[in-house]
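Residue numbering restarts at 1 for every chain, and letters A, B, ... go by the order of the sequence lines.
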Protein chains: 2
Amino acid sequence: MDTRPAGGRTRGRAARPRQGASMADVAQLAGVSSQTVSRVSNGFPGVTEETRQQVMAAMRELGYRPNSAARALKRGEFRTLGVITFSLSTHGNIRTLEAIATSAARHGYAVTLLPVAVPTQDEVNGAFSRLGELAVDAVIVIMEIHLLDAATVSLPPGVQVVVADSDAGDRYTVVDTDQAGGARDAVRHLLDLGHHTVWHLAGPEDSFAAQRRANAWHAALTEAGATPPPLVRGDWSAESGYRAGLHLADHPDCTAVFAANDQMALGLLRALHERGRRVPDDVSVIGFDDLPESASFLPPLTTIHQDFAEVGRLCVEGVITKIRHGDTTHGTTLVPTRLVLRESTGAGPAGPRP
Amino acid sequence: MDTRPAGGRTRGRAARPRQGASMADVAQLAGVSSQTVSRVSNGFPGVTEETRQQVMAAMRELGYRPNSAARALKRGEFRTLGVITFSLSTHGNIRTLEAIATSAARHGYAVTLLPVAVPTQDEVNGAFSRLGELAVDAVIVIMEIHLLDAATVSLPPGVQVVVADSDAGDRYTVVDTDQAGGARDAVRHLLDLGHHTVWHLAGPEDSFAAQRRANAWHAALTEAGATPPPLVRGDWSAESGYRAGLHLADHPDCTAVFAANDQMALGLLRALHERGRRVPDDVSVIGFDDLPESASFLPPLTTIHQDFAEVGRLCVEGVITKIRHGDTTHGTTLVPTRLVLRESTGAGPAGPRP
DNA sequence: CCAGCGGATGTTTACGTAAACATTATGAGA
DNA sequence: TCTCATAATGTTTACGTAAACATCCGCTGG
């Protein structure tokens, strides 16, 4: 019996750093060729049950694990998806990322994270150039498209891309929440409750999601014959919502506010409370996102639920389809939203519609 | 001039799926050997400036990108860290992950995500066995240790591990927030404000973080000569905080509550408000985590700030040190917390201490 | 004037896997 | 009994890179 430690080599360098037994080692122990080990390892047919068992036993004994680098080199694919996103600070990005990771795992893909700390152009370029050397077959970008557009570094050839949370269906495959539909639902909900019009606390100007929510808000109002009040600008943060709320509290004719996300709605609620305006009696507030915490706001927040999990899932399936079929078509897939009724919205001055 | 498309091959299979030019292609175009290309690619000395420029030009022309699979195979390392975590649902995990990704990138490492959807034992085992085939040099586990302990699958040999958010310094290298210190600070702050004692809204029983916060709460109280009230159990969610709050609101002698996280504190605030108990006039509330939103709670929440970024950074540095030096020692690194004073805590019945 | 040195570059080889091809058994049908 | 097909297994080779070693060159110093 061979008494050398598992993974030892007869010839060559004493210390192979970290990497256990190879196919050759297993083959030797099992008394077969390494090709047979390969067949067993990949579950290929044409191996006797007896041989298979021997090989399996040898694998167990040596603690054999396929070397994924060698595999990737041979197969020409990594079975890995890259995810580019700047900062995981927003709830949506995280939920999407989580769904991507889960969905990718289900398809046998690993997920590699490419964080872009600061969303400057340099950082984005850096991420994309790093990407070139990265072991990924495809990339999912969770990022506002203008940053992607401005990137001077081109994507490595052969690396497929799907973009989430953006609108560039003409140049990329895009999966996104139906921002416009959700915003429209929010506005209609408030109008249906009898509010003459709806104010909008928008996200930052450079965000397409914010822009589309604001556009849809405006369109839904004019469609319904209501006069859009001046748009109030926030930056997604609760703090900015608070500041905007102090401002809005001074408008006595403001009875309904659609905040472009739940965090700003939170700040808004605080400001209104401080200024003695009751929600929903004096002012109705609706948010967008449906954070887990939103149900515990004061009062619990009526909001538009986004199905981030579905967005992530569709991103992965889209990108894997592209890998499989070398697909180069573009297009946008929209994931519907859902109105979640809680206690922050109530009847307006005109009374609820029948 | 050669008119074949870049990356084309004279011999062999027509369609090499996705993979551009190789070193050999660059070498041929530049009129040098592939070894020289390798030297240029890795920035090694011993190459004339003139040759270097020629090679670089050829690289650009062919869009050459080093094949990371081949590199990994040759070098025996992947320059990749795996991160195991179940669900990215908690603020802390995400912040830690973000810091890990950023810090890893700075060290030239990529980060691969290993999500464990449901924290069942099977799932954890699955993640660990997938890990064996995964292209990672080391693993950072963000997980309660009891799940790691119960995993029947052993880690692949040669893969270093660092655990965050846990306490297993005797068996693993651990980086964690100083849970006990933070909890002690929270309790002392409330006692200093003149509260006779402090109630505790704890996290779930199976969480070590929750357990340590609860233990420290108890210890700090007895140390100070105060009588610990019965512990109230939550599950980290705002909803559970709300339920607990309804319960606590009925105790007239409850003037100060230390919630084990900010989300439960949020629910607690809502319940107290609903029951007409003013914060901080009637009841003081302190949280733990310092979510970005906590400053916009009603009222803004006094809380214990956790430095997740530091935890992530230390995890990466720890694990890279281990990789470099084959370190097998264990030990725990604690990251200090910081008391963030806002408006949810105020003077107790005994009045603030001098 | 030549040995010898050192810098620049080329050649060989191995990393671990798996496709492609080659070889050896086994058994069925003529 | 002797093909010949077929299944089981072995052998060769290539994937792209980089370490190790080999070669070539010009120049310095004796």
Side-chain angles (χ1 to χ4, degrees), chain A residues 7 9-13 15-28 30-55 59 62-79 132-133 135 156 158, chain B residues 7 9-28 30-55 59 62 64-79 132-133 135 156 158:
Chain A
R9 282 294 160 80
T10 328
R11 77 205 121 98
R13 307 198 301 279
R16 204 174 17 153
R18 74 196 104 264
Q19 181 60 36
S22 73
M23 277 194 166
D25 299 321
V26 175
Q28 194 183 349
V32 299
S33 77
S34 66
Q35 184 54 38
T36 299
V37 177
S38 171
R39 284 191 264 256
V40 171
S41 179
N42 292 333
F44 282 5
V47 180
T48 322
E49 186 52 32
E50 191 192 341
T51 309
R52 178 180 305 276
Q53 290 303 336
Q54 268 176 36
V55 171
M59 282 177 168
L62 296 178
Y64 169 75
R65 313 213 164 249
N67 178 316
S68 54
R71 238 181 208 187
L73 176 59
K74 194 74 183 73
R75 297 205 280 220
E77 61 168 15
F78 301 101
R79 296 280 169 91
E133 308 192 7
Chain B
R9 283 296 160 79
T10 326
R11 78 205 121 98
R13 304 200 302 278
R16 206 176 14 154
R18 75 198 104 264
Q19 180 62 36
S22 73
M23 277 194 166
D25 299 321
V26 174
Q28 196 182 348
V32 299
S33 76
S34 65
Q35 183 54 37
T36 299
V37 177
S38 172
R39 283 190 266 256
V40 172
S41 178
N42 292 333
F44 282 5
V47 181
T48 322
E49 186 53 30
E50 192 193 339
T51 309
R52 179 180 304 276
Q53 290 303 334
Q54 270 176 34
V55 171
M59 281 177 168
L62 296 177
Y64 169 75
R65 312 210 165 251
N67 179 315
S68 54
R71 242 183 205 183
L73 176 58
K74 193 73 184 73
R75 298 204 279 221
E77 62 170 14
F78 300 101
R79 296 279 169 93
E133 308 192 7

Check nucleotides 5-12 of chain D against the protein and report each pair of N or O atoms closer than 3.5 Å, with its distance, or say if there are none.
{"residue": "dA8(D)", "atom": "O3'", "partner": "T48(A)", "partner atom": "OG1", "Å": "3.0"}
{"residue": "dT9(D)", "atom": "OP1", "partner": "T48(A)", "partner atom": "OG1", "Å": "3.0"}
{"residue": "dT9(D)", "atom": "OP1", "partner": "T51(A)", "partner atom": "OG1", "Å": "2.5"}
{"residue": "dT9(D)", "atom": "OP2", "partner": "T48(A)", "partner atom": "N", "Å": "2.8"}
{"residue": "dT9(D)", "atom": "OP2", "partner": "T48(A)", "partner atom": "OG1", "Å": "3.0"}
{"residue": "dT9(D)", "atom": "OP2", "partner": "T51(A)", "partner atom": "OG1", "Å": "3.4"}
{"residue": "dG10(D)", "atom": "OP2", "partner": "S33(A)", "partner atom": "N", "Å": "2.8"}
{"residue": "dG10(D)", "atom": "OP2", "partner": "S33(A)", "partner atom": "OG", "Å": "3.1"}
{"residue": "dG10(D)", "atom": "OP2", "partner": "T36(A)", "partner atom": "OG1", "Å": "2.8"}
{"residue": "dG10(D)", "atom": "N7", "partner": "R39(A)", "partner atom": "NH2", "Å": "3.0"}

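- R79(B) places its CZ atom 14 Å from the C1' atom of dT17(D), with the value rounded to the nearest Å.
- Between the P atom of dG16(C) and the CZ atom of R75(B) lies a distance of 16 Å, rounded to the nearest Å.
- Pairing each heavy atom of A69(B) with each of L73(A), the nearest pair is CB-N, 3.6 Å.
- Distances from the side chain of L73(B) to the nucleotides dA18(D), dC15(C), dC15(D) place dC15(C) closest.
- For the pair Q54(B) CD and dT9(C) C1', the interatomic distance rounds to 13 Å; values are reported in whole Å.
- The interatomic distance linking F44(B) (CZ) with dG10(C) (P) rounds to 17 Å, in whole Å.
- Closest approach of A27(A) and S33(A) over heavy atoms only: CB-C, 3.6 Å.
- At a cut-off of 3.5 Å, with distance as the only test, a side-chain donor of S41(A) or R71(A) sits close to an acceptor on the other residue.
- Under 4.0 angstrom from either OP1 or OP2 of dC15(C) there lies no side-chain N or O belonging to N67(A).
- Interatomic distance, T36(B) OG1 to R39(B) CZ, rounded to the nearest 0.5 Å: 5.0 Å.
- V55(B) and A30(B) make their closest contact through CA-CB, 4.1 Å (heavy atoms, listed as atom of the first residue, atom of the second, distance).
- In this structure, M59(A) and V37(A) have side chains that are in contact, with non-hydrogen atoms separated by less than 4.5 Å.
- The main-chain N or O of E50(B) is never found under 3.5 Å from a side-chain atom of T48(B) such that the two would form a donor-acceptor pair.
- Regarding E77(B), its CD atom lies at a distance of 14 Å from the C1' atom of dT17(D), rounded to whole Å.
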Tabulated below should be each protein N or O lying under 3.5 Å from an N or O of nucleotides 23-27 of chain C; please produce it.
none

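- The CE-C1' distance, from M23(A) to dA19(C), rounds to 12 Å in whole Å.
- Rounded to whole angstrom, the span from the CZ atom of F78(A) across to the P atom of dG16(D) amounts to 11 Å.
- In terms of heavy atoms, M23(B) sits closest to Y64(B) at CG-OH, 3.4 Å.
- The distance from atom CD of Q28(B) to atom C1' of dG16(D) is 15 Å, rounded to the nearest whole Å.
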